Trainee: 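Have a look at this one before I ask anything.
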Amino acid sequence: MKDRFSVVKIPDQVKWIIDTLEKQGYEAYAVGGCVRDTVLGREPGDWDITTSARPEQVKALFRRTIDTGIQHGTVTVMLEKEGYEITTYRMDGEYEDHRHPREVRFTPSLREDLRRRDFTINAMAYNPRTGIVDPFDGMSDIEKRCIRCVGDPRERFGEDALRMLRGIRFAGQLQFEIENETLTAIREQAPTLVNVSAERIRTELTKLLLSDGSDRLLLAAETGLDQYFLPELGEMLAVPQNNPHHCFDVGHHSMEAVRHINRMWHGDLTQQISREEKSHVILAFAALLHDVAKPDCRETDEEGVDHFYRHNELGAAKAEDILRRLRFDNETISLVVRIIRCHDRRHENCMKGGRYSTKGKSAMRRLMNQIGVDAMPYLFVLQRADLMAQGQYMREEKLLGLDAAERCYKEICKSREAVTRAELALGGRDLLAMGVPSGPEVGQILDELLNAVLEEPSCNTVETLTALAREYIADHSRS
């Protein structure tokens, strides 16, 4: 395998940086994940370079540089609008907090620099003249599709506890297996993850959930690592669903829902959702957490059938706590919470006798008002993933019903029917002009008018709403 990949195609700018350093007598190599991804035929997210040159020597060779982490030997070289991190060969000193070394020492040895890295597949370097430098047999581990630590895994995880979650993340992204000794070390040292910030954990968890191997998150439960960032996962895995609609326990059902989210994201995503990564994140975490409260709500009837009443409402609150714990932004939290709260909505009236019916439009307008129009496309995607992750029982009927609900929603949007106060033909100023005193009564009347419009959109005219408002005012003045 080494002969096959002895030449790796690198970008022209990376080659130019390496050539520039070598012409001045320094060693320089592309290093780490970019080498691994290129060997695997994946597109590297970025290109890192390691060199024997000291930071000040690097800065002297390139016109535009940024002191990204100069105390640790890292300088970013800017070429046009692209930045390339160049780091001096280094050795990490003693780790005090299972996260950061007390000191960083520069070394003239590439091997020493590679020896401090986490996994063998990330401890390879490449230079167009030298080829691949692989002192820890990362190429063999790529061939075996294996995640293995460089050296003793207990030492590597003792240095940086985040590496345990990174190992699981790589297993998911690359769909590799974690080598037994490395997996055992994760199980032994899982409690040290408490030393890692929520933000860093969130980053690794997000990358894992968005990957084709998102189910590798189950390794976190298998090793006990989940107890230190998502203990709810273990609780979900422990709860069966003795119900004709389900063939998985709560945890495996949720992981299946995430898998279907990822499949739709990369394939048939029919809803009008922004294709930016943030939208994918919202959907993946909504799928992971949509049934998170089921362990708290399980009831078994006399026939042995499980029910989970109000799990959507309680799950929305629980999901909000989890996302805040992971330091998510408010917009993400808001969307995830809203669609979890409504994910169990059935849309029964959109389908009658096996055919599409407009009788569901009133309920759909009320749902749009409740959840927010911005959340509706996300809700339909989550509901479809949820259905696909259940058993076969009534699946076709459920999917046809969901299709009808989406059609109903799209027709309402196309007709521009009002679903919020702001869309009413009559506003607060109009009510004040009619003599309604400023205060809560204005809002109460607008809510009454909105209720009428949600039930019958044709009411949304100035004339009709004015008449309805006058009726409301007259009724309340008599009372």
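Predicted, not measured: the structure shown is a model, and the values here were computed from it.
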Trainee: Using every non-hydrogen atom in the two residues, find where Cys459 and Thr464 come nearest and quote the distance to one decimal.
Mentor: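 Taking Cys459 first and Thr464 second, the nearest heavy atoms are O-CB, 3.3 Å.
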Trainee: In Å, rounded to the nearest 0.5 Å, how long is the span from OG1 of Thr206 to CD1 of Ile201?
Mentor: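 Going from the OG1 atom of Thr206 to the CD1 atom of Ile201 covers 11.5 Å.
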Trainee: Would you kindly say whether Gln370 and Arg366 are connected by a side-chain donor-acceptor distance under 3.5 Å?
Mentor: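 No, no side-chain donor-acceptor pair sits under 3.5 Å.
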Trainee: Give a yes or no answer on whether the side chain of Glu320 reaches the backbone of Ala316 with a donor-acceptor pair at less than 3.5 Å.
Mentor: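 No, because the side chain of Glu320 does not come within donor-acceptor range (under 3.5 Å) of the backbone of Ala316.
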Trainee: Give a yes or no on whether Arg275 atom CZ has more than 12 heavy-atom contacts from other residues, nucleotides or ligands under 6.0 Å away.
Mentor: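 Yes, because the 6.0 Å sphere around CZ of Arg275 holds more than 12 heavy atoms from other groups.
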Trainee: By the definition side chain to side chain contact (heavy atoms under 4.5 Å, CB included), identify the one residue from Leu165, Asp226, Ile168 that meets it with Leu219.
Mentor: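 Only match with Leu219 under side chain to side chain contact (heavy atoms under 4.5 Å, CB included): Ile168.
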Trainee: After noting the C-alpha distance and the side-chain angles of Arg310 and Glu313, does the key distance pass the salt bridge (Lys or Arg N to Asp or Glu O under 4.0 Å) rule?
Mentor: CA-CA 5 Å; Arg310 296 186 64 236; Glu313 297 171 25; 3.4 Å; yes
Trainee: Could you tell me if Asp306 and Asn242 have a donor-acceptor pair between their side chains, going purely by distance under 3.5 Å?
Mentor: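 A donor-acceptor contact under 3.5 Å links the two side chains.
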Trainee: Under 4.5 Å between any side-chain heavy atoms of Gln241 and Phe308, yes or no?
Mentor: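 The answer is yes, as the side chains (C-beta and beyond) meet within the 4.5 Å cut-off.
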Trainee: Any idea which heavy atoms bring Thr420 and Asn369 closest together, and the distance?
Mentor: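 Where Thr420 meets Asn369 most closely, the heavy atoms are CA-ND2, 4.1 Å.
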Trainee: Counting N and O atoms only, with roles assigned by atom type, does the side chain of Arg156 sit under 3.5 Å from a partner on the main chain of Arg163, one being a donor and the other an acceptor?
Mentor: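 Answer holds: no.
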Trainee: Classify the side-chain pair Asn243/His307 by whether it contains a donor and acceptor separated by less than 3.5 Å.
Mentor: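 No, His307 and Asn243 have no side-chain donor paired with an acceptor closer than 3.5 Å.
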Trainee: Rounded to the nearest 0.5 Å, how far does NZ of Lys361 lie from CD of Glu417?
Mentor: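 One finds 5.5 Å between CD of Glu417 and NZ of Lys361.
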Trainee: Looking at Asp212 and Arg263, is any side-chain nitrogen of the basic one under 4.0 Å from a carboxylate oxygen of the acidic one?
Mentor: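 Between Asp212 and Arg263 there is no salt bridge, as every charged N stays at least 4.0 Å from the carboxylate O atoms.
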Trainee: Could you measure the distance from the OG atom of Ser415 to the CZ atom of Arg365? Nearest 0.5 Å is fine.
Mentor: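 So the gap between those two atoms works out to 9.0 Å.
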Trainee: Might you point out which heavy atoms bring Ala286 and Val336 nearest each other, and give the distance in Å?
Mentor: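 Minimum heavy-atom contact is CA-CG1, 3.9 Å.
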Trainee: Ion pair present between Asp386 and Arg384, side-chain N to carboxylate O less than 4.0 angstrom?
Mentor: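 Looking at Arg384 together with Asp386, the answer is no, because their closest N to O distance does not fall below 4.0 Å.
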Trainee: So, does Asn312 use its side chain to make a donor-acceptor pair with the main chain of Arg341 at under 3.5 Å?
Mentor: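 Side chain of Asn312 to backbone of Arg341: a pair is present.
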Trainee: Before you tell me yes or no, could you show the steps for Thr192 and Phe157 under side-chain contact (heavy atoms from CB on, under 4.5 Å), namely the whole-Å CA-CA distance, both residues' side-chain angles and the distance that decides it to 0.1 Å?
Mentor: CA-CA 9 Å; Thr192 62; Phe157 297 147; 5.9 Å; no
Trainee: Is the distance between the ring centroids of His253 and His290 under 6.0 Å?
Mentor: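 Aromatic pair counts; centres sit under 6.0 Å.
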Trainee: For Ser214 and Ser211, which I'm curious about, is there any donor-acceptor pair between the side chains at under 3.5 Å?
Mentor: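 Checked: Ser214/Ser211 side chains show no N/O donor-acceptor pair below 3.5 Å.
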Trainee: Compare every heavy atom of Leu468 with every heavy atom of Leu449, then report the nearest pair and how far apart it is.
Mentor: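 Here Leu449 and Leu468 meet closest at CD2-CB, 3.7 Å.
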Trainee: Decide, yes or no, whether a salt bridge links Arg421 with Asp447 under the criterion of side-chain N to carboxylate O below 4.0 Å.
Mentor: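 Yes, Arg421 and Asp447 are salt-bridged.
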Trainee: Test salt bridge (Lys or Arg N to Asp or Glu O under 4.0 Å) on Arg200 and Glu204 and set out the steps.
Mentor: CA-CA 7 Å; Arg200 297 303 297 270; Glu204 296 299 325; 5.5 Å; no
Trainee: Taking the side chain as everything from C-beta on, heavy atoms only, tell me whether Leu162 gets closer than 4.5 Å to Asn195.
Mentor: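 Side chain of Leu162 against side chain of Asn195, heavy atoms only: no contact under 4.5 Å found.
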Trainee: If you draw the axis of the six-membered ring of Phe328, does the NZ or CZ of Arg202 fall within 45° of it and under 6.0 Å from the ring centre?
Mentor: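 Judged by the rule (NZ or CZ under 6.0 Å from the ring centre, within 45° of its axis), Arg202 counts as positioned above Phe328.
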Trainee: Identify which one of Ile445, Val453, Leu431 satisfies the side chain to side chain contact (heavy atoms under 4.5 Å, CB included) criterion when paired with Leu426.
Mentor: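 Of the listed residues Ile445, Val453, Leu431, the side chain to side chain contact (heavy atoms under 4.5 Å, CB included) partner of Leu426 is Leu431.
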Trainee: Roughly how far, to the nearest 0.5 Å, is CE of Met376 from SG of Cys342?
Mentor: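 Result: 8.5 Å between the selected atoms.
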Trainee: Where is the tightest heavy-atom contact between Ile340 and Ala319, given as atom of each residue plus distance?
Mentor: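 Heavy atoms only, the tightest pair is CD1-CB, 3.6 Å.
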Trainee: Please check: side-chain N/O of Gln189 versus main-chain N/O of Arg154, any donor-acceptor pairing under 3.5 Å?
Mentor: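 Answer holds: yes.
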Trainee: Can you confirm whether or not the ring centre of Phe380 sits under 6.0 Å from the ring centre of Tyr409?
Mentor: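 Under 6.0 Å, so yes.
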Trainee: Under a 4.0 Å threshold between the charged nitrogen and the carboxylate oxygen, would Glu232 count as salt-bridged to Lys318?
Mentor: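 Salt bridge flag = no for Glu232 with Lys318.
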Trainee: Using distance alone, with no hydrogens and no angle criterion, decide if Asp291 and Ser254 have a side-chain donor and acceptor under 3.5 Å apart.
Mentor: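 Checked: Asp291/Ser254 side chains show no N/O donor-acceptor pair below 3.5 Å.
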Trainee: Above 12 or not: heavy atoms from other molecules or residues under 6.0 Å from CG of Asp301?
Mentor: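 Count over threshold, so yes.
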Trainee: For His280, give me all partners under ring-ring contact (aromatic ring centres under 6.0 Å, His included), at least two apart in sequence or on another chain.
Mentor: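 Checked His280 against ring-ring contact (aromatic ring centres under 6.0 Å, His included); matches are Trp265, His266.
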Trainee: With a 3.5 Å distance limit and no angle check, can you tell me whether Asp430 reaches the backbone of Gly427 through a side-chain donor-acceptor pair?
Mentor: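 Yes, Asp430 side chain to Gly427 backbone: donor-acceptor pair under 3.5 Å.
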Trainee: Ring centres of His343 and His311 under 6.0 Å apart?
Mentor: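 Distance test on ring centres: under 6.0 Å, yes.
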Trainee: Is it the case that Glu85 and Thr74 place a side-chain donor and acceptor less than 3.5 Å from each other?
Mentor: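 No, no side-chain donor-acceptor pair sits under 3.5 Å.
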Trainee: Does a side-chain heavy-atom distance below 4.5 Å link Ser438 with Leu432?
Mentor: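 Of all side-chain heavy-atom pairs linking Leu432 with Ser438, at least one is under 4.5 Å.
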Trainee: For the residue pair Arg416 / Asn460, report whether a side-chain donor-acceptor contact shorter than 3.5 Å exists.
Mentor: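 No.
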Trainee: Is it true that Arg116 and Glu159 make a salt bridge, defined as a side-chain N closer than 4.0 Å to a carboxylate O?
Mentor: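 A salt bridge is absent here (no side-chain N lies under 4.0 Å from a carboxylate O).
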Trainee: Would Arg148 and Glu181 satisfy salt bridge (Lys or Arg N to Asp or Glu O under 4.0 Å), going step by step from the backbone distance to the final call?
Mentor: CA-CA 8 Å; Arg148 179 170 61 90; Glu181 189 177 357; over 6 Å; no
Trainee: Does one side chain, of Gln383 or Tyr378, offer a donor that lies under 3.5 Å from an acceptor on the other?
Mentor: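 Judged by distance alone, the side chains do not pair up.
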Trainee: Using only heavy-atom distances, determine whether the side chains of Asp249 and His252 contain a donor-acceptor pair under 3.5 Å.
Mentor: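 A donor-acceptor contact under 3.5 Å links the two side chains.
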Trainee: Do Thr38 side-chain atoms and Cys34 backbone N/O form a donor-acceptor pair below 3.5 Å?
Mentor: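 Between the backbone of Cys34 and the side chain of Thr38 there is a qualifying donor-acceptor contact (under 3.5 Å).
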Trainee: Check whether the side chains of Ser334 and Arg338 place a donor and an acceptor atom closer than 3.5 Å, and report yes or no.
Mentor: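 A donor-acceptor contact under 3.5 Å links the two side chains.
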Trainee: Using only atom types and a distance under 3.5 Å, with no angle test, would you say the side chain of Ser279 pairs donor to acceptor with the backbone of Ser274?
Mentor: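 Indeed, once roles are kept as given, a pair shorter than 3.5 Å links the two residues.
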Trainee: Does Lys144 NZ have over 12 foreign heavy atoms under 6.0 Å away?
Mentor: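 Yes, the 6.0 Å shell around NZ holds more than 12 heavy atoms from other groups.
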Trainee: Testing the 3.5 Å rule here: is there a donor-acceptor pair between the side chains of Glu406 and His347?
Mentor: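 Short answer, no.
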Trainee: Would you tell me whether Asn122 and Arg36 have side-chain atoms, one donor and one acceptor, within less than 3.5 Å of each other?
Mentor: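 Arg36 and Asn122 do have a side-chain donor-acceptor pair below 3.5 Å.
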Trainee: Hey, is Glu177 close enough to Arg145 for a salt bridge, meaning N to O under 4.0 Å?
Mentor: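 Salt bridge: no.
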Trainee: Ignoring hydrogens and geometry, is there a side-chain-to-backbone donor-acceptor pair from Asp141 to Cys146 under 3.5 Å?
Mentor: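 Not a single qualifying donor-acceptor pair exists.
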Trainee: Name all residues meeting the side chain to side chain donor-acceptor pair (under 3.5 Å) criterion together with Glu448; count only those two or more places apart in sequence or in a different chain, and write none if there are none.
Mentor: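 Side chain to side chain donor-acceptor pair (under 3.5 Å) list for Glu448, sorted by chain: empty.
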Trainee: Crowded around Glu397 CD? As in, over 12 foreign heavy atoms under 6.0 Å?
Mentor: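 Yes, enclosed.
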Trainee: What are the two closest non-hydrogen atoms of Ala221 and Leu233, and how far apart are they?
Mentor: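 Shortest heavy-atom separation between Ala221 and Leu233 comes out as CB-CD2, 4.2 Å.
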Trainee: Using a strict threshold of under 4.0 Å (side-chain N to carboxylate O), is an ion pair present between Arg166 and Asp118?
Mentor: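 Counted as a salt bridge, because a side-chain N and a carboxylate O are separated by less than 4.0 Å.
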Trainee: Is the side chain of Asn349 donor-acceptor paired with the backbone N or O of Gly360 at a distance under 3.5 Å, no angle test?
Mentor: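 Judged by distance alone, no pair lies under 3.5 Å.
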Trainee: Any donor and acceptor pair, going by atom type alone, linking the side chain of Glu456 with main-chain N or O of Ser458 inside 3.5 Å?
Mentor: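 Judged by distance alone, yes, a pair lies under 3.5 Å.
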